[in-house]
Amino acid sequence: MSVSVVLKMLLKNLGEGPHWMESSGRLLFVDIESGDIHSLTPSKNEHHITHVAGSASFAIPTCIGGVVIGNDQKIARVECDSGEIATLAELENKTVKFNDGKCDASGRLWTGTYGIPSTTGGPYRSKSGALYSLDKTQGLRQHLSNIDLSNGIGWTKDNTTMFYIDSLPRKIYSFDFNLPGGKIGNQQVVADFATLAPDLGLPDGMTIDAEDKLWVACFKASKVVRIDPATGQIIQEVKFPAKHITSCCFGGPDFADLYVTSARYHLSDEEVGVNQPEAGSLFKVTGLGVKGLPANHFEI
Ligand code: CA
């Protein structure tokens, strides 16, 4: 196994949301606070950035081209060539922002929110986030409330279980999943980072491999851990030369490589320069001996 830097020190703030596009051999990812949607074709060394006003908290291809993004309180579709943006759904509550998002096997988007600090410098608003889904027949629906910091989402291959991370309680949850109806129930704790192992930091983004094992980015802990959801135990771990590891996805030929995003967010220039020269970079892990599966696109 080896870890390499694909794009060094690229992300100004908060790299997130990697998504491999199988048909074109491209990796999409975002720099959330900068509002930048990155498209990288490693085989051609091509790199394109689409900028939007506000945040870009995830970017997932849609069935009619372009990408769906989380854009502050909006879910929007963006044409990557022109940057043209169209709102698909919008929250009235302006004290929250959309964060990570994924699409299920029917092309339904699942994405959650977190409470942003007040503009007057007040404290972080805890428990004011929620989890939503958006699809063309049922529109925007709220499934969970009292969420602190909505993050990673994934499903088992048989689509009967959904996994979900709320980062600040440091827990990974499972739900019984009804794909046709887009319903979740029977919430259980799969893993609790407070008790699972020392120095795990916060669970952030996640992906799932072809063996239905979870790969979870550990924010503040310089690693990605592979967790068996059947036991809740860590079965593999990969370390990175950056503290804030934010998310990961499988990609490349045969989905054998793990692409991993990181952040410079909340790090001083001194911390970056002295201890973490690779902070903010996009990494690739090869030789894991595990493969992923294609990620779902958005059916608009
Ligand atoms: Ca995240």
Side-chain angles (χ1 to χ4, degrees), residues 1-51 56-61 67 69 80 100 102 151-152 154 201 204-210 215-226 236-265 267 271-273 275-295:
M1 182 201 71
S2 72
V3 174
S4 59
V5 174
V6 180
L7 287 171
K8 182 177 167 64
M9 297 283 288
L10 174 81
L11 301 168
K12 288 169 274 188
N13 285 312
L14 187 49
E16 266 285 0
H19 177 110
W20 183 259
M21 297 174 71
E22 185 180 18
S23 58
S24 54
R26 279 195 289 162
L27 183 76
L28 288 173
F29 57 101
V30 294
D31 186 353
I32 298 182
E33 298 300 330
S34 302
D36 288 342
I37 303 162
H38 293 258
S39 170
L40 175 73
T41 310
S43 64
K44 298 177 183 170
N45 207 21
E46 287 177 0
H47 181 210
H48 179 259
I49 299 173
T50 303
H51 178 72
S57 65
F58 59 84
I60 301 170
V67 295
I69 68 168
C80 290
D100 208 348
K102 289 275 174 68
N151 257 308
D204 194 341
M206 110 179 118
T207 193
I208 190 162
D209 64 32
W215 292 79
V216 183
C218 301
F219 193 80
K220 296 186 179 177
S222 308
K223 57 190 166 189
V224 169
V225 292
R226 186 187 191 209
Q236 202 167 344
E237 109 175 15
V238 184
K239 291 206 163 190
F240 297 87
K243 188 175 176 185
H244 294 345
I245 300 300
T246 55
S247 191
C248 56
C249 80
F250 284 95
D254 217 12
F255 289 88
D257 302 330
L258 188 71
Y259 285 94
V260 178
T261 52
S262 70
R264 291 189 62 167
Y265 189 70
L267 293 174
E271 283 179 289
V272 171
N275 299 319
Q276 302 176 66
E278 314 291 5
S281 297
L282 173 72
F283 300 97
K284 182 172 80 169
V285 188
T286 55
L288 280 170
V290 177
K291 291 179 180 177
L293 295 167

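- Atom CE of M21 and atom OG1 of T41 lie 9.0 Å apart (nearest 0.5 Å).
- Considering all non-hydrogen atoms of both residues, K239 and K223 come closest at CA-CB, 4.3 Å.
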* Could you go through the side-chain contact (heavy atoms from CB on, under 4.5 Å) check for D209 and R226 one step at a time? => CA-CA 9 Å; D209 64 32; R226 186 187 191 209; 2.9 Å; yes
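- Atom CD of E16 sits about 10.0 Å away from atom CG of D31, to the nearest 0.5 Å.
- Using the six-membered ring where Trp is involved, F283 and F240 have ring planes that are tilted, between 30° and 60° apart.
- For the pair C80 and H48, the tightest heavy-atom approach, listed with the atom from each and the gap, is O-CE1, 3.3 Å.
- Across A59 and I37, no two heavy atoms sit closer than the pair CB-CG2, 3.8 Å.
- Shown here for S247 and G17, the closest heavy-atom pair between the two residues is CB-N, 4.0 Å.
- Looking at every heavy atom in both residues, F250 comes nearest to W20 through O-CB, 3.4 Å.
- The distance from the NZ atom of K291 to the CZ atom of F255 is 11.0 Å, given to the nearest 0.5 Å.
- Here T261 pairs with T246 under the side-chain hydrogen bond (donor to acceptor under 3.5 Å, both in side chains) rule; sequence neighbours left out.
- The CD atom of E278 sits 12.0 Å away from atom OG of S222, with the distance rounded to the nearest 0.5 Å.
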